[in-house]
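Chain letters run A, B, ... following the sequence lines, proteins first, then strands; residues in each count from 1.
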There are 2 protein chains.
Amino acid sequence: MKPTIRDVAKRAGVSISTVSRVMNAPDTVTEDKRLRVLEAIEELKYQPNSFARGLIYRKSYTLGLLIPDIENLYYAGIIRGMQDACIKLGYSLMICNTDRDEGRLLAYIDAFHEKQVDGVIFASDKLIPEYYEKLAGYRIPFVLVSSHSYEYEVPSVEVDDEAGAYDAVKFLIELGHRKIAMIGFNDPNSVAGPPRCRGFARALAEAGLEHNSGNIVFASHRFEHAYDAARELFAKYPDTTAVFCVADEFAMGVISYLKDRSILVPGQVSVVGFDNVRMAGMFIPKLTTIAQPMYEMGYRSVEKLHELLATGRVQVTRERLQHRLIVRESTREK
Amino acid sequence: MKPTIRDVAKRAGVSISTVSRVMNAPDTVTEDKRLRVLEAIEELKYQPNSFARGLIYRKSYTLGLLIPDIENLYYAGIIRGMQDACIKLGYSLMICNTDRDEGRLLAYIDAFHEKQVDGVIFASDKLIPEYYEKLAGYRIPFVLVSSHSYEYEVPSVEVDDEAGAYDAVKFLIELGHRKIAMIGFNDPNSVAGPPRCRGFARALAEAGLEHNSGNIVFASHRFEHAYDAARELFAKYPDTTAVFCVADEFAMGVISYLKDRSILVPGQVSVVGFDNVRMAGMFIPKLTTIAQPMYEMGYRSVEKLHELLATGRVQVTRERLQHRLIVRESTREK
DNA sequence: ATGAAAGCGCTAACAT
DNA sequence: ATGTTAGCGCTTTCAT
């Protein structure tokens with residue numbers, strides 16, 4: 001049987017309030033009693049029951065996280081940042097993988113409500129009304145990571161997707177490429193998808209290459225689909241010399257396809273990725289990519305949620321962190 | 001303010017006990033009252049407070065998971081299996097990333113205790129006495145995944161590491177290789193390390209190649225270290241034609257090193273990995289590897305923990321799941 | 001079949 | 001400075 005506050009009190013020869021005080025307001029209790037209580041706590045390995053505390057404080061010090069795909073390295077980086085922030089701020093984190101399944105996501109929100117999480121972090125997926133209503137109906141505060149919402153006033157932290165895409169494509173243009181194509185997200189709920197297409201188009205237009213801006217093939221999130229998309233892309237636009245991919249995993253799929261067709265990367269075709277997942281530097285060739293500060297994004301999103309919980313509001317609603325171009329081996333001058 | 005059972009009772013015009021009954025023993029309450037209560041619950045979006053429930057049942061229906069590195073794809077696969085099992089059995093999962101830091105791990109155990117998780121799953125790391133004592137001291141039931149313990153009687157689910165390594169090396173031998181080397185785990189706390197070395201040695205001995213069995217260089221868990229280890233390995237044993245790696249990530253590191261030295265894989269050197277992480281099929285060349293059933297291991301470990309929680313014991317203490325060799329492109333006949 | 005009331009472990013207001 | 005007690009939201013006797 002787990003020891004309770006009563007056991008500690010008995011052992012230390014004091015009342016339960018005194019025990020409670022040494023835990024919550026140590027300086028209101030005399031030295032000797034405090035020491036005795038501390039000793040009893042130590043001996044019994046006592047830890048206050050968080051159910052009882054939760055009942056009183058109405059706080060669980062637990063945060064919920066909803067991510068689309070835990071096998072995607074992008075989220076692994078974000079999670080590390082979140083966990084460190086949680087440790088700093090005294091929260092536990094409940095990570096739930098939705099597998100991009102709407103029903104599953106909704107069920108997790110129910111679970112969060114039941115477990116009384118203090119707040120939730122919603123990653124990447126588009127905040128459709130159904131999700132919003134449910135969260136709002138339960139009055140669960142939440143923030144968005146690598147996503148944002150203009151319909152609703154929800155705090156978010158992300159990267160500037162349009163600018164990231166623009167920088168990637170501009171880099172390709174500066175390398176001398178003139179036949180540039182793109183692999184985008186075909187997920188209609190992708191929030192990063194449209195701005196990255198716009199960034200692609202803007203860089204192209206600026207260089208007088210607007211005739212390329214329709215050269216986009218869409219793929220859903222994984223390597224295999226990007227591989228297939230690459231096939232389609234090179235069938236449609238065979239003279240392409242550079243491909244901008246909206247995810248590193250897409251870049252790997254494209255390179256893999258090219259490799260199977262004995263087309264050299266970067267010798268004949270240059271490829272740029274997006275995210276800078278840990279694998280990007282391990283792939284052959286190492287990926288040139290637009291890096292997102294994943295760790296920091298995770299960290300900030302927890303801090304932001306905490307701010308929201310603590311003060312009821314947030315200084316800056318839509319926060320953007322800096323991306324940067326990392327040039328490695330998958331690109332070359334034309 | 002969240003609605004309580006009292007709000008529901010008032011709205012339905014019954015006592016709180018009746019409300020409680022419709023939730024816990026629906027058939028003991030008359031049709032019409034039950035319906036009224038259900039309606040009230042619906043209207044108020046009432047969900048019982050899990051703190052209050054936890055206080056009574058002394059159960060949180062939450063499980064804790066301790067993993068060494070969430071950025072390692074191996075764990076991502078395991079986690080997916082765990083989450084599905086948790087959904088089936090009605091648990092929530094609290095995933096904690098230890099970064100292989102002992103203090104951090106210990107702190108998470110404290111957090112688990114405080115949050116009263118029903119049980120914990122301990123992944124990969126060796127169960128050192130310190131961990132065991134803490135968990136046992138708190139009386140938290142737990143199981144091990146991709147690990148085991150002979151000192152303590154703790155349920156575990158893993159793969160047969162010795163046999164997996166043996167199969168990998170045997171395959172290399174059958175391919176005609178005679179100069180075989182290995183990259184192992186240098187982590188003294190690795191539980192998979194020693195048996196994989198033994199499997200390596202056994203396959204070698206069986207083929208009269210025992211003079212190779214010292215050809216091992218050790219690396220710590222990541223790509224970069226395997227890259228460096230490969231340098232060391234080929235400096236020491238330059239005529240090596242095949243390398244057995246105890247992790248796919250090591251295999252990638254080795255291949256990357258070889259690539260940088262313009263040594264062809266599998267043309268000149270064959271490489272086998274271990275795990276079959278999702279990246280294994282995406283790498284160039286695609287990795288030949290010993291596949292672990294990660295999803296199933298995760299799933300089973302949760303079921304096993306549940307069995308332990310529900311019955312106080314477990315049918316089979318040390319459970320082993322089947323590995324299998326997957327031949328792809330990183331190996332070739334000598 | 002239903003309601004009243006005790007009690008789970010804790011905190012905080014109130015007494016002393 | 002310390003103890004006594006009400007009450008957080010729920011389940012579960014115990015009456016009725």
- request: Indicate whether OP1 or OP2 belonging to D/dT2 is found under 4.0 Å from a side-chain N or O atom of A/K33.
  value: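 Result: yes.
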
- prompt: Counting only side-chain N and O atoms of A/S20, is one of them less than 4.0 Å from OP1 or OP2 of C/dA12?
  reply: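 False: A/S20 side-chain N/O out of range (4.0 Å or more) of C/dA12 OP1/OP2.
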
- prompt: Using the ring of each side chain (for Trp, its six-membered ring), is B/Y61 parallel, tilted or perpendicular to B/Y91, with breaks at 30° and 60°?
  reply: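 B/Y61 and B/Y91: tilted rings.
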
- prompt: How are the rings of A/F142 and A/Y132 set to each other: parallel, tilted or perpendicular (split at 30° and 60°)?
  reply: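 Plane angle over 60°, so perpendicular.
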
- request: Report the residue (B/P48 or B/R21) whose heavy-atom-nearest nucleotide on DNA chain D is the more 5′ of the two.
  value: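 It is B/P48, whose closest nucleotide lies nearer the 5' terminus.
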
Under 3.5 Å, is there a donor-acceptor pair between the [X] and [Y] side chains?
X	Y	result
B/D69	B/Y74	no
A/S220	A/D187	no
A/K115	B/S92	yes

Separation of [X] atom [atom1] from [N] atom [atom2], in whole Å?
X	N	atom1	atom2	answer
B/K10	D/dG9	NZ	C1'	14 Å
B/N49	C/dG9	CG	P	16 Å
B/D7	D/dC8	CG	P	12 Å
B/R36	C/dA1	CZ	C1'	13 Å
B/R53	C/dC10	CZ	C1'	20 Å
B/N24	C/dA1	CG	P	17 Å
B/E31	C/dT2	CD	P	11 Å
A/K59	C/dC10	NZ	C1'	17 Å

message: Main chain of B/N97, side chain of B/R104: is a donor-acceptor contact present, judged purely on distance under 3.5 Å?
response: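 Indeed, once roles are kept as given, a pair shorter than 3.5 Å links the two residues.
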
task: Kindly say whether B/I67 contributes a backbone atom to a donor-acceptor pair with the side chain of B/T98 at under 3.5 angstrom?
output: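 Checking the backbone N and O of B/I67 against the side chain of B/T98, a donor-acceptor pair under 3.5 Å is found.
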
- request: Consider the side chain of B/Y57, meaning its heavy atoms from C-beta on, and name the nucleotide among D/dT11, D/dG3, C/dT11 that approaches it most closely.
  value: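 Minimum distance to the B/Y57 side chain belongs to D/dT11.
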
message: Counting the atoms with a prime plus P, OP1 and OP2 as sugar-phosphate, which does B/T30 contact under 4.0 Å by heavy atoms, base, sugar-phosphate, or nothing?
response: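 Sugar-phosphate: the residue B/T30, judged by heavy atoms under 4.0 Å, touches backbone atoms but no base.
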
task: Determine the contact category for B/F51: base if any of its heavy atoms lies under 4.0 Å from a base atom, sugar-phosphate if only primed atoms, P, OP1 or OP2 are that close, otherwise nothing.
output: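 No contact.
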
Atom pairs, N/O to N/O, protein against nucleotides 6-8 of chain C, distance under 3.5 Å?
from, atom 1, to, atom 2, distance (Å)
C/dC8, O3', B/R58, NH2, 2.4

task: Measure distances between side-chain N and O atoms of A/S17 and base N and O atoms of C/dT11, and say whether any donor-acceptor pair falls under 3.5 Å.
output: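 Looking at the base of C/dT11, it does not pair with any donor or acceptor on the side chain of A/S17 (distance under 3.5 Å).
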
